[in-house]
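For reference, the structure is listed below as structure tokens.
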Amino acid sequence: MPVSRLLILCWAALVTLSVCTVLLAHAGASLSIAILLVAVGKAWLIADGFMELRRAPRLWRRLMLSWALVLAMLVGVALVLSR
Amino acid sequence: MSMANPHLKFASQAVAKPYFVFALMLFLGQVLFGLIMGLQYVIGDFLFPVIPFNVARMVHTNLLIVWLLFGFMGAAYYLVPEEADRELHSPKLAIVLFWVFAAAGVLTILGYLLVPYAGLARLTHNELLPTMGREFLEQPTITKMGIVVVCLGFLYNIGMTLLKGRKTTVSMVMMTGLIGLAVFFLFSFYNPGNLARDKFYWWWVVHLWVEGVWELIMGSMLAFVLIKITGVDREVVEKWLYVIIAMALITGIIGTGHHFFWIGAPEVWLWVGSIFSAMEPLPFLAMVMFAFSMVKKRRRQHPNRAATLWAKGTTVTAFFGAGVWGFLHTLAPVNFYTHGTQLTAAHGHLAFYGAYAMIVMTLISYAMPRLRGLGEAGDERSQSLEIWGFWLMTLSMVAITLFLTAAGAVQVYLQRWQVEPLPFMGTVEHLQVLFWARLGAGLGFFAGLLCYLLSFRQRGRAALRAPAPVVPS
Amino acid sequence: MSTSAESAAAAPGHLPGDLAMWFFMLAELSVFALLILAFAVTQAIKPQMFSDSRLLLDTSTGLAMTLGLLTAGLFAALALEQVRHSRPRRGAALLLGALLAASVYVVLKLSEYRHLLASGLGLEHNTFFTLYWILTGFHFLHVLLGMVILGWLAERCRRGGFDADKRSGLESGVLYWHMVDLVWVVLFPLVYVLD
């Protein structure tokens, strides 16, 4: 598949996920974890798709992917603890 | 200066020498006044009324600032021609400015010592443009103006050299830092009557110097020395430099917020200051990694072992002094208890020594043998004396820092944390042992400084050494 | 087509852009991580204040801003792809498109800021808004810087300053924009949505 089409697909997925975030929010407050997972998914799409980390050295890819994951986990812990 | 010095790439670099020599003389003075104060901490009326504590403190801190400025200027005069690959625009101007600055500095210090401070203010007509009376910016207005004139002439001289010559990252960063230094100093002329606003802008000089533009100067001086002593490619060094500067600027500029905590500024600064200054150790950590990885990748074994040691030492000490000891009390909830205690003094000592005193000595250590026509390095004896000086000074400063940290912790507990807190003087009674220990460490530092200065005694014994073999990395 | 497209892109195991840019992004991402964590922890301490204050923000504006940023990211990535295929003019046009999409975000954000200020919900209103302003304001400044970079890249691209072999500067600039996006996709749900 040409790279340009891949990028457009990646963008479409990002848009869909963004809309999902808002829909999930309207569906109920109990879905915080799902919203965080969607955010991680979007961050990974940007990192692997737009920033081309899927082909980059493993260390840098892991660093970028874990940035969003670890952050979302910590935020999730904070939110769960506050309940 | 009439005879050509074969060890200098450009003859005009020689103007750096008087700057370095005078800087070290002032450093000696600073340490002597530090010792006087260390004694006054435990024997309150020592030298009273000739040199009261507040005057000694003023001289101690002002000498620090001025000798570092001399060091930076000397460094710029040494490294900018070499980087720009041409002679300095006007060596004569550099020498004239040296004498102007030196005379102004000496007169100001004598003014502090001989005239009561209020009298000095009257004598220099402070009432026309009142700028005196603020910590570190105690200089009479006329001296401040002199500093501005010297800085302008200096920047013009360096700037013209740069404009006409090769522009490298190292020299551009140095120039940016020096311009920033001059620009932020202008805030010392702004002295609003409202104390909260005064403090607010006062930090623009004090903080944005040491945690902003001075870091650029330090970074470029370090990069210059590392390029010279390791022979590593300029490209690699420049990349590191970019990273360090970017981090220093992001964290340093907004990190000013940690000074706006309890001075009457809005509450938002508690958040901004805490969060952004939590990142301030990063540029210093990057400098440690930079120095050590460059030395490890070195392409040649430079005969100046002392300079290499200084270059590595300055990054580590700066990381602990500025980075770690700074972070110890930049979080607002911690700072609520620790601000203005001996903990601040601990941080100030290790940070200034590690980051700025040591980087100036790194450059002096590298450049002095060449400036004096001895070659790339001093002889074996003077180098080992210098290395003794390095360890004595550094370890003594670490000891001073630890004693002050302990004093700060006790002070916070007795004066701020207890349910029934002690008053300040009551607290100080309990810190006597620590202050005696600090004085002892201060003497150690003095001994180290003497070793360092004696290492310059070598005369005419040129270092004749076969070029050392290249070490495979 | 497919194989040539692959070969023109970054080779496997190769890090696009300048290494210095990656370190810089790492520093930026750490600062943002701290800010985001501070926001989350404070929310955990004061959940009621945060959910009450959040009601005063408009989620659909937030969504529109997200789409603006992501679209700008797409255009920037496509521009890089065009330059890799030695079509710098098309690349320049796409970079201008990215700039346009980014300005959608700027307009929306500014009107949101104006609206909040007009309602008296400034920096000092409560802790939620203190953190809201610090976090989104800091990000906003990054968007502005990113736009300056995009504009500069577009101009240089138009003048033929980049080509298939000489594109490290372009890659670095585009990467910076993606980082701004990356921060936003975590920031948006946290500030506007999560209760």
Side-chain angles (χ1 to χ4, degrees), chain A residues 1-8 10-12 14-15 17-19 21-26 28-33 35-36 38-47 49-61 63-64 67-68 70-72 74-83, chain C residues 1-2 5-6 8-17 22 25-26 29-30 32-33 36-37 39-47 50-51 59-60 62-63 66-67 70-71 73-74 76-78 80-82 84 171 174-175 177-179 181-183 185-190 192-195:
Chain A
M1 187 167 13
V3 176
S4 298
R5 197 175 301 162
L6 211 65
L7 289 172
I8 293 173
C10 181
W11 172 80
L14 281 167
V15 170
L17 286 176
S18 303
V19 176
T21 305
V22 177
L23 291 180
L24 281 169
H26 288 313
S30 58
L31 295 165
S32 301
I33 302 302
I35 292 173
L36 279 172
V38 170
V40 174
K42 283 163 72 180
W44 284 7
L45 276 171
I46 290 178
F50 286 174
M51 296 173 116
E52 301 175 308
L53 281 168
R54 63 189 179 281
R55 281 190 296 256
R58 221 178 288 162
L59 176 70
W60 280 105
R61 178 162 186 256
L63 262 176
M64 286 292 149
W67 180 82
V70 172
L71 201 53
L74 292 174
V75 169
V77 169
L79 292 187
V80 168
L81 285 181
S82 72
R83 292 264 159 76
Chain C
M1 181 67 204
S2 143
E6 284 296 327
H14 166 80
L15 195 64
W22 284 95
M25 291 197 297
L26 216 55
L29 286 174
S30 330
F32 273 112
I36 287 169
L37 283 178
F39 191 96
V41 169
T42 318
Q43 168 158 357
I45 297 168
K46 302 177 174 176
F50 271 58
S51 59
T59 315
S60 51
L63 178 60
T66 311
L67 299 185
L70 291 173
T71 309
L74 170 68
L78 288 175
L80 179 57
E81 204 45 41
Q82 292 301 323
R84 281 183 180 148
E171 283 179 348
V174 168
L175 274 172
W177 183 265
H178 292 321
M179 183 211 70
D181 271 8
L182 185 64
V183 171
V185 299
V186 179
L187 199 157
F188 163 65
L190 180 68
Y192 287 83
V193 181
L194 278 178
D195 258 327

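Source: prediction; values computed, not measured.
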Picking from L63(C), T59(C), L80(C), V41(C), which has the most non-hydrogen pairs under 4.5 angstrom with chain A? L63(C)
I35(A) side, atom CD1; F188(C) side, atom CZ - distance, nearest 0.5 Å: 9.5 Å
Kindly say whether L29(C) contributes a backbone atom to a donor-acceptor pair with the side chain of W67(A) at under 3.5 angstrom? yes
Answer key: most heavy-atom pairs under 4.5 Å with chain A among L190(C), T71(C), V186(C) is T71(C)
Between atom CG of L31(A) and atom CG of L194(C), what is the distance when rounded to the nearest 0.5 Å? 10.5 Å
Just so I understand: if I count every heavy-atom pair under 4.5 Å between each of P57(A), A39(A), G49(A) and chain C, which residue has the most? P57(A)
Rounded at 0.5 Å granularity, tell me how far CD1 in I8(A) sits from CG in L78(C). 5.5 Å
With a 4.5 angstrom heavy-atom cut-off, is it the side chain or the backbone of L81(A) that approaches chain C, or both, or neither? neither
Would you mind checking which part of L63(A) comes under 4.5 Å of any heavy atom in chain C, side chain (CB onward), backbone (N, CA, C, O), both or neither? side chain
Using non-hydrogen atoms and a 4.5 Å limit, figure out which bit of M25(C) sits close to chain A: side chain, backbone, both or neither. side chain
Find the distance between NE2 (H178(C)) and CE (M64(A)) and round it off to the nearest 0.5 Å. 12.5 Å
Residue L53(A) versus chain C: region with a heavy atom under 4.5 Å: side chain
Between atom CG of L74(A) and atom CD1 of I36(C), what is the distance when rounded to the nearest 0.5 Å? 11.0 Å
Say you draw a straight line from CG of L59(A) to CG of L15(C); how long is it, rounded to the nearest 0.5 Å? 9.5 Å
Are L26(C) and W60(A) packed together at the side-chain level, in the sense that at least one heavy-atom pair is separated by less than 4.5 angstrom? yes
